[in-house]
Amino acid sequence: METLGTGETSKELWQETADEHAVLESLMQQFGSELKRIAFLYVNDRAECEDIIQEVFISAFKNLSGFRHEASYKTWLIRMTINKCKDYHRLWSIRNLVYKPAVKLLKKGNSAEEELIGEEDAKEVAATIAALPNKYKEVLILYYYQELTMQEIADVVELNINTVKSRLLRGKQALQAKLERGVGNGRV
């Protein structure tokens, strides 16, 4: 059901079906992989990312009848995912773990050497993003990985659009500086 993306059509869908199970199943099919990607970029752990997404959909199901349709389901679910990821990072035991990203590039037709270099670069970028402060990390993930517009990001993170622009710029600068330092530390 592609109509779940906008507020008005999702409201109509809800009024037509009034079946929370059907709406939740549709949301899971439509946004599940996208939310999983966001969670993985935050926590860099496949198992934990799946647990977070499960918690997101449990919360969505519990709160579905109270959804006010002021935003799209997508925005609502992304906001919940980000909040669950932040909760994950607040846990004391998690703060002491080392990030072990496993992001892989899926390019066809490249040599094994090119694929290995691409995987290493993707791991380095994911680890560097994971090490950034949350305020920069969330806008970078939403802008580059989810390809949201500035206004959509502002809606998701509930900030002024100028604040989002500023955080995106500072986040890019911090990411670039950390990556350049990594190159200077023995990487070719």
Side-chain angles (χ1 to χ4, degrees), residues 1-95 97 99 101-103 126 129-161 163-165 167-168 171:
M1 290 184 184
E2 293 181 2
T3 58
L4 293 178
T6 61
E8 194 60 57
T9 53
S10 63
K11 194 174 197 176
E12 292 168 5
L13 173 75
W14 173 254
Q15 290 171 346
E16 288 173 14
T17 62
D19 181 8
E20 292 175 347
H21 290 90
V23 172
L24 181 67
E25 185 175 335
S26 177
L27 291 173
M28 289 170 66
Q29 288 175 355
Q30 189 171 1
F31 302 117
S33 60
E34 230 176 304
L35 297 175
K36 190 173 180 181
R37 212 173 3 259
I38 291 171
F40 182 75
L41 289 166
Y42 263 87
V43 299
N44 290 312
D45 181 311
R46 286 196 195 285
E48 193 59 42
C49 143
E50 289 175 6
D51 289 345
I52 288 170
I53 297 307
Q54 186 175 7
E55 288 179 31
V56 167
F57 283 118
I58 289 170
S59 293
F61 183 72
K62 288 179 181 177
N63 298 306
L64 202 53
S65 61
F67 183 65
R68 296 184 310 254
H69 302 280
E70 293 172 357
S72 68
Y73 280 114
K74 180 178 181 178
T75 302
W76 183 54
L77 291 170
I78 289 173
R79 181 76 252 156
M80 277 197 287
T81 303
I82 290 171
N83 287 337
K84 296 285 184 191
C85 290
K86 286 179 180 178
D87 291 345
Y88 169 83
H89 282 293
R90 284 186 193 114
L91 296 174
W92 180 84
S93 60
I94 301 303
R95 287 188 203 151
L97 294 177
Y99 287 106
V103 176
I129 289 173
L132 292 174
N134 280 339
K135 65 183 183 179
Y136 300 137
K137 182 179 359 182
E138 69 186 2
V139 294
L140 287 170
I141 290 171
L142 295 174
Y143 186 77
Y144 287 109
Y145 289 93
Q146 291 302 306
E147 299 176 354
L148 296 181
T149 65
M150 293 289 181
Q151 186 59 55
E152 290 172 329
I153 295 170
D155 292 342
V156 168
V157 297
E158 298 172 338
L159 292 171
N160 181 301
I161 192 165
T163 304
V164 170
K165 289 177 183 178
R167 286 185 180 181
L168 183 61

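The first residue in the sequence is number 1, and the count goes up from there.
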Met28/Ile53 under side chain to side chain contact (heavy atoms under 4.5 Å, CB included): CA gap, chis, key distance, verdict
CA-CA 10 Å; Met28 289 170 66; Ile53 297 307; over 6 Å; no

Would you compute the distance between atom [atom1] of [X] and atom [atom2] of [Y] and round it to the nearest 0.5 angstrom?
X: Leu64; Y: His21; atom1: CG; atom2: NE2; result: 10.0 Å
X: Glu48; Y: Tyr88; atom1: CD; atom2: OH; result: 4.5 Å
X: Leu35; Y: Ile82; atom1: CG; atom2: CD1; result: 9.5 Å
X: Ser26; Y: Leu24; atom1: OG; atom2: CG; result: 9.0 Å
X: Asn83; Y: Ile52; atom1: CG; atom2: CD1; result: 11.5 Å
X: Asn44; Y: Ile129; atom1: CG; atom2: CD1; result: 9.0 Å

From CA spacing to verdict: side chain to side chain contact (heavy atoms under 4.5 Å, CB included), Asn160, Val164
CA-CA 7 Å; Asn160 181 301; Val164 170; over 6 Å; no

Can you run down the side chain to side chain donor-acceptor pair (under 3.5 Å) pairs that involve residues 49-59, sequence neighbours left out, and say none if there aren't any?
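Output for this query lists Lys36-Glu50, Ser59-Lys84.
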
If you define the side chain from C-beta out and look only at heavy atoms, does anything of Lys165 sit under 4.5 Å from Val139?
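In short, these two side chains do not touch, never coming nearer than 4.5 Å.
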
Sidechain-backbone polar pair: Thr81 side chain, Leu77 backbone, donor-acceptor under 3.5 Å
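Confirmed, Thr81 side chain pairs with Leu77 backbone.
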
Is there a donor-acceptor pair closer than 3.5 Å between any side-chain N or O of Glu147 and the backbone N or O of Tyr144?
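Here the side-chain-to-backbone pair does not exist.
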
For Lys137 versus Leu41, what's the shortest heavy-atom pair and its separation?
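It is CD-O, 4.4 Å.
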
Please find the pair of heavy atoms, one from Ala39 and one from Cys85, that lie closest to each other, and give the distance.
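Nearest heavy atoms, Ala39 then Cys85: CA-SG, 3.6 Å.
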
Is any side-chain N of the basic residue among Glu138 and Lys86 closer than 4.0 Å to the acidic one's carboxylate O?
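Looking at Glu138 and Lys86, the cut-off is met.
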
Please assess Ile153 against Leu168 for the test side chain to side chain contact (heavy atoms under 4.5 Å, CB included), listing each intermediate value before the final yes or no.
CA-CA 10 Å; Ile153 295 170; Leu168 183 61; 5.7 Å; no

List the steps and the verdict of salt bridge (Lys or Arg N to Asp or Glu O under 4.0 Å) for Glu34 and Lys74.
CA-CA 10 Å; Glu34 230 176 304; Lys74 180 178 181 178; 3.2 Å; yes

Are there over 12 heavy-atom neighbours, none belonging to Tyr143, within less than 6.0 Å of that residue's OH?
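Check fails, neighbour count at 12 or below.
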
Could you check Glu152 against Thr75 for side chain to side chain contact (heavy atoms under 4.5 Å, CB included), going step by step and ending with a plain yes or no?
CA-CA 8 Å; Glu152 290 172 329; Thr75 302; 5.9 Å; no

Would you please name every residue forming a side-chain contact (heavy atoms from CB on, under 4.5 Å) with Glu158, sequence neighbours left out?
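Scan of Glu158 (side-chain contact (heavy atoms from CB on, under 4.5 Å), adjacent residues dropped) gives Arg79.
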
